[in-house]
Amino acid sequence: MIAKELNIILDYLNNPESNQANFDDFFDNGLKEEFFWRMAGNKNQFQIFKDVLNYNSHYFSDNLAAVVKHGVYTNIIHFSSRFLNQLSEFLRISLGDFSELIKIIDEFILISKDSLLNQSHMAWFISEVICELPSNLIKDEHLLFIANKTLSTDTSLVSHSIEKKLIPRLIENNEGEILFKVIDLILFNYKVVPNELDSQNTYSDTIMNFDPYALHGIINKENIRCFLELINNERLVLKIMSMIQKGYETNPFEFSSFNIPTIEETDQLWNHTSFSYLLVKFLREVLEEANPSPEFVINNLLKSENDTIKRVGIHAIGWHYNKLNFIFWEQIGNPLNTNELKHEVFVLLQRNAKLISKDQLTTLFNWIDTLDVESWNVHDSKEECEHHRSLVGKEYLAALTDVKEEFEFIIGSKKAELDKIYPHEREHPGYNSYHSMTSGYEVPDEESVFEANSENTEKLVHYILANESEWSSREQHGQLDRIRKVFTKRPELINDIQSIRQLNPKYFSEIMYGLERAFEEGGGFEWKAVFEIINFGLTSCDWESDDRVKRSFIGSSAWLIRAGVKNDDREISKEDLGLAKDICLSLLKLNVISPRLNNDPFFDVLNSPEGKVLEATINVLLRNARKFKTEKSDKWYPDLKEHYTSVFKNGNYNDAYMHHIGSFLPQITFLDRGWVKENIDYLFPKQDISNWRVAMSSYVKRNRTVYKDIFDILLNSGQFDYGIEVMTGDVKGISEFVQQIVVSSIANWEGQSITDKTSLINKLLNNGKPEQISGIISYFFINSIKQTENILPVWNAILQVPLDNESKQDVYKDLLKLIARIPNINVDYFYTIKATLSQIKDVSELYEPVRYLAKTEGNEDIENRAKLLMLCTSDNLDRHVMNSDFETIAEKLYIINRQLAEEFINNLVSKRVFSLLDIYRKHYKN
């Protein structure tokens with residue numbers, strides 16, 4: 001029995017010095033060997049390591065070699081490699097002997113040197129061991145392995161270890177040389193890939209292999225100071241500069257001022273973890289902390305042909321201004337002529353404005369006057385070039401807001417001089433590119449101005465007419481929002497009909513939406529005024545052929561009417577209700593059709609103007625029926641009834657009508673059951689399969705209650721028989737359609753029982769459509785366990801349905817989910833579930849049935865559950881998280897059936913539920 005054998009392994013692992021290991025038995029290249037390594041890393045690691053090497057000195061080397069030579073990566077290799085990682089951590093903490101472990105690692109690195117290592121876990125384990133090594137044992141080969149092998153297969157895990165483990169330990173141990181190599185080989189390790197947007201293949205993209213978020217975390221001032229204490233400052237700067245140059249040659253754009261607008265941290269940096277920016281950031285941080293010499297800045301930064309490096313050089317001068325400012329003012333000519341340097345020059349001036357002298361201001365003014373703009377604007381006229389010089393010059397003057405007070409007049413005079421040339425300024429001075437994002441709308445004036453002009457309707461309309469031509473598009477939208485809100489706040493404004501008629505009709509929909517919100521919040525107004533404005537909009541307005549605006553007005557008008565009539569607790573007179581009906585009839589006769597953007601009537605129609613009109617209409621009809629026609633069987637308005645009859649009998653319907661008739665079929669039946677029965681074949685036109693599906697899908701999705709009178713009408717007119725034929729495939733509403741049939745069967749309506757051969761549920765089963773059968777299963781799954789008594793006969797009936805093999809697998813797996821609705825698996829359910837499981841080819845994905853079986857409420861069905869669990873589980877149970885449930889079952893089984901308990905434990909332990917061994921050991925000793 002496997003549990004007994006694994007128990008012996010555990011005894012050894014817990015006390016290897018007292019228990020002799022039978023490695024010939026332990027290492028079976030199977031479950032026992034895997035179990036050994038799963039459990040071996042918790043304690044006694046070094047003794048176990050020595051024992052294994054004494055048994056087979058090449059054990060670890062052979063396993064690791066198999067990964068490289070044969071591409072083999074088994075659980076045994078995985079867990080034995082993890083053990084080496086755990087061992088390395090133990091050795092570091094205990095200051096143990098790494099010699100044998102390093103031999104294994106070095107041998108693996110050697111054989112993998114010229115091979116493609118595809119196993120990311122394997123590479124990571126080896127790298128983790130390297131990160132645990134004492135710093136004096138880390139060799140170049142170790143770092144190259146991480147750089148060339150691990151980073152190409154795994155980024156985040158090893159990067160995190162280097163950030164959190166290796167670098168802090170190298171700093172602590174003052175290992176500057178190794179640290180420099182880590183920076184050189186690992187931190188900025190990248191690969192070059194073709195640029196997808198460059199059809200000429202001129203440039204490539206650089207993709208970081210080291211995790212950019214980990215690198216971002218490494219580049220902080222505390223770490224930089226430590227680096228500079230351990231590494232020669234100039235050596236480090238030159239190394240970073242060479243990396244920037246190499247990256248620039250790969251893709252210059254990545255290092256441009258458009259892609260990196262600022263050297264310092266600002267909100268203009270849209271990608272703080274890009275390869276290019278992290279390099280620049282690293283160089284910037286180093287130079288800020290390093291206090292570089294003037295000679296180094298001049299010869300290596302400012303004389304560089306790389307503009308990015310020059311930009312960092314200007315930044316360094318601005319940062320160490322007291323020491324280096326003479327370079328800027330005296331050594332580099334006119335820096336304004338290099339447009340890429342603009343922002344860094346601007347920031348230098350801005351940051352150090354109070355330190356600038358009068359002579360330096362004179363130099364700056366001279367630079368502005370001699371600015372070589374012609375070379376930037378070769379096609380511009382002399383006047384246009386002067387305009388450009390004025391604009392650029394004023395950008396640099398804008399940096400000098402904090403100069404000494406005595407210089408303010410001089411700067412103001414220079415600005416006035418430039419204004420005479422061109423009286424405009426740039427919105428964002430000092431930037432070659434500026435990214436901004438705005439959301440929402442704008443308004444043209446202060447809120448107080450709008451409020452003052454909306455005291456009454458006449459004043460509001462005058463304000464709009466006088467100013468609307470000056471409003472931008474964004475301001476127009478902002479004003480529409482204001483208008484909607486003011487009618488919400490003061491709905492009585494609608495009563496001045498004459499004033500409102502003067503407005504452009506584009507404002508009408510916002511007025512209607514505002515009134516709707518006002519009504520919903522308890523506000524009141526004259527409905528007759530509303531109806532007059534709606535009629536005016538429909539009959540007298542020039543919509544300027546803007547169909548979208550007109551549709552919006554129709555939809556908002558309908559939605560306002562719906563709000564006004566849907567609740568009986570808000571009063572509306574019979575006269576006003578009649579006017580609302582007239583409006584709805586007028587809107588219906590417009591036959592509005594709006595675009596269908598989602599190909600989904602349940603979404604498109606619901607939010608369309610025509611959908612809103614139809615919903616307003618049914619609410620008007622229902623309000624009238626409830627209030628004024630309670631005693632009549634026909635509760636329609638005659639003219640609306642005539643319109644509906646004409647539309648459906650003459651085939652003038654569209655998907656909006658079909659969605660409407662299906663969604664509100666119970667309400668329409670309430671208005672006149674006889675009309676529905678008489679016209680059912682027009683309302684559900686079988687000759688028009690597409691619209692029939694819309695009507696039926698809308699009915700079953702919108703109405704989860706099954707109304708027997710409507711069920712009988714649909715049944716007797718053949719709608720359900722037709723639906724069984726056409727509600728298939730990926731048609732929306734299949735599950736809900738099927739569930740109406742299931743309800744009729746469970747309710748045992750005449751002729752609909754599962755025992756009635758001609759019942760709808762049997763017709764469904766005989767149809768053999770998996771999607772319909774899944775609908776039956778879904779009904780029982782989503783309902784509570786009160787339907788348990790009805791599950792078994794339906795389940796057994798489904799098992800008799802002939803299905804192709806693929807469909808059978810899907811349907812039977814769905815069936816097994818019903819275990820969740822069976823609180824007590826009695827003998828009948830046991831054999832039905834067992835028969836279902838016998839047909840499942842692959843039980844490895846039965847996660848949900850396993851989870852439901854493992855949940856026990858008592859002991860009465862515990863044996864049946866245990867037997868089924870043994871049937872429906874595979875050898876991948878270590879992926880499940882139900883060990884505590886399995887343990888509960890095992891403990892209960894030991895009380896009532898010890899033999900079954902041990903069978904259950906051995907079965908599940910063989911499938912890697914190793915936690916059951918604790919229970920076995922407890923009872924085994926007893």
Side-chain angles (χ1 to χ4, degrees), residues 120 123-124 126-128 130-133 135 138-193 205-248 250-251 254-255 260 265 271-290 308-309 312:
S120 61
W124 179 68
I126 300 299
S127 297
E128 283 293 284
I130 293 170
C131 288
E132 295 290 350
L133 293 177
S135 54
I138 296 176
K139 297 180 286 191
D140 289 354
E141 290 80 3
H142 298 149
L143 300 180
L144 287 169
F145 177 83
I146 294 175
N148 299 331
K149 299 296 182 182
T150 311
L151 287 179
S152 64
T153 59
D154 174 88
T155 295
S156 58
L157 289 175
V158 71
S159 299
H160 178 80
S161 294
I162 289 169
E163 177 194 6
K164 301 297 184 183
K165 294 181 183 180
L166 183 58
I167 286 180
R169 203 161 72 254
L170 292 175
I171 291 173
E172 182 182 358
N173 296 333
N174 298 321
E175 293 287 355
E177 187 59 30
I178 299 176
L179 188 58
F180 181 81
K181 290 175 181 177
V182 169
I183 294 169
D184 182 19
L185 298 174
I186 296 175
L187 296 193
F188 290 97
N189 191 292
Y190 67 93
K191 59 187 173 185
V192 178
V193 298
D205 287 334
T206 51
I207 306 297
M208 292 192 66
N209 290 326
F210 195 86
D211 183 75
Y213 294 98
L215 181 55
H216 190 269
I218 290 170
I219 304 174
N220 60 65
K221 290 196 177 296
E222 182 180 352
N223 277 343
I224 296 297
R225 292 189 192 106
C226 294
F227 293 169
L228 292 172
E229 289 176 5
L230 300 174
I231 304 171
N232 177 274
N233 296 3
E234 294 186 357
R235 181 189 184 200
L236 183 57
V237 170
L238 290 172
K239 171 53 67 176
I240 307 167
M241 287 171 55
S242 70
M243 293 177 180
I244 291 175
Q245 181 60 34
K246 191 175 179 181
Y248 177 86
T250 301
N251 189 339
E254 286 193 21
F255 292 85
I260 306 177
E265 300 276 355
N271 188 354
H272 287 76
T273 55
S274 70
F275 171 73
S276 53
Y277 178 68
L278 286 172
L279 265 174
V280 169
K281 178 183 179 180
F282 195 23
L283 180 58
R284 183 199 79 213
E285 293 280 6
V286 167
L287 287 169
E288 287 180 0
E289 296 297 325
T308 305
I309 295 174
V312 181

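Nearest approach of Ser274 to Asn271, heavy atoms of both residues: N-OD1, 3.3 Å. Taking all atoms of both residues into account, the shortest heavy-atom contact from Phe145 to Ser127 is CE2-OG, 3.9 Å. The nearest pair of heavy atoms linking Ile231 to Gly176 is CG1-O, 3.7 Å. Considering all non-hydrogen atoms of both residues, Asn223 and Gly217 come closest at ND2-O, 4.3 Å.
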task = Assess whether salt bridge (Lys or Arg N to Asp or Glu O under 4.0 Å) is satisfied between Glu288 and Arg284, documenting all intermediate values.
result = CA-CA 6 Å; Glu288 287 180 0; Arg284 183 199 79 213; 3.5 Å; yes
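Annotation: the span from Leu170 atom CG to Cys226 atom SG amounts to 11.5 Å, rounded to 0.5 Å. For the atom pair His272 NE2 and Ile219 CD1, the distance stands at 12.0 Å (nearest 0.5 Å). Between atom CZ of residue Phe180 and atom CD of residue Glu175 there is a gap of 15.0 Å, rounded to the nearest 0.5 Å. The distance from atom CE of Met243 to atom CD of Gln245, rounded to the nearest 0.5 Å, is 13.5 Å. The distance from the CD1 atom of Ile171 to the CD1 atom of Ile178 is 12.5 Å, given to the nearest 0.5 Å. Distance NZ/Lys165 to CD1/Ile162: 11.0 Å, rounded to 0.5 Å.
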What pairs of donor and acceptor atoms, side-chain ones from residues 181-192 against any protein atom, are under 3.5 angstrom apart with sequence neighbours left out?
{"unit_1": "Lys181", "atom_1": "NZ", "unit_2": "Asp140", "atom_2": "OD1", "d": "2.7"}
{"unit_1": "Lys181", "atom_1": "NZ", "unit_2": "Asp140", "atom_2": "OD2", "d": "3.4"}
{"unit_1": "Asp184", "atom_1": "OD1", "unit_2": "Lys239", "atom_2": "NZ", "d": "3.4"}
{"unit_1": "Asn189", "atom_1": "OD1", "unit_2": "Asn209", "atom_2": "ND2", "d": "2.6"}
{"unit_1": "Asn189", "atom_1": "ND2", "unit_2": "Ala147", "atom_2": "O", "d": "3.2"}
{"unit_1": "Asn189", "atom_1": "ND2", "unit_2": "Leu185", "atom_2": "O", "d": "3.1"}

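Residues Leu278 and Met208 form a side-chain contact, since some pair of their non-hydrogen atoms from C-beta on lies under 4.5 Å apart. Side-chain contact between Ile167 and Phe227 is present, with at least one heavy-atom pair separated by less than 4.5 Å. A 4.5 Å side-chain heavy-atom check between Lys281 and His216 finds at least one atom pair inside the cut-off. With a 4.5 Å cut-off on side-chain heavy atoms, Ser161 and Trp124 count as touching. Ile126 is not listed as a side-chain neighbour of Thr150, based on a closest heavy-atom distance of 4.5 Å or more. A 4.5 Å side-chain heavy-atom check between Thr206 and Ser276 finds every atom pair outside the cut-off. Residues Leu279 and Thr308 have side chains not in contact (no heavy-atom distance under 4.5 Å, counting atoms from C-beta outward). For the pair Val312 and Val280, the minimum side-chain heavy-atom distance is below 4.5 Å.
Judged purely by atom type and a 3.5 angstrom limit, His160 has no side-chain atom pairing as donor or acceptor with the backbone of Leu157.
The number of heavy atoms from other shown groups lying within 6.0 Å of OH (Tyr277) is above 12.
With respect to the salt-bridge test (charged N to carboxylate O, under 4.0 angstrom), the residues Lys221 and Glu265 do not qualify.
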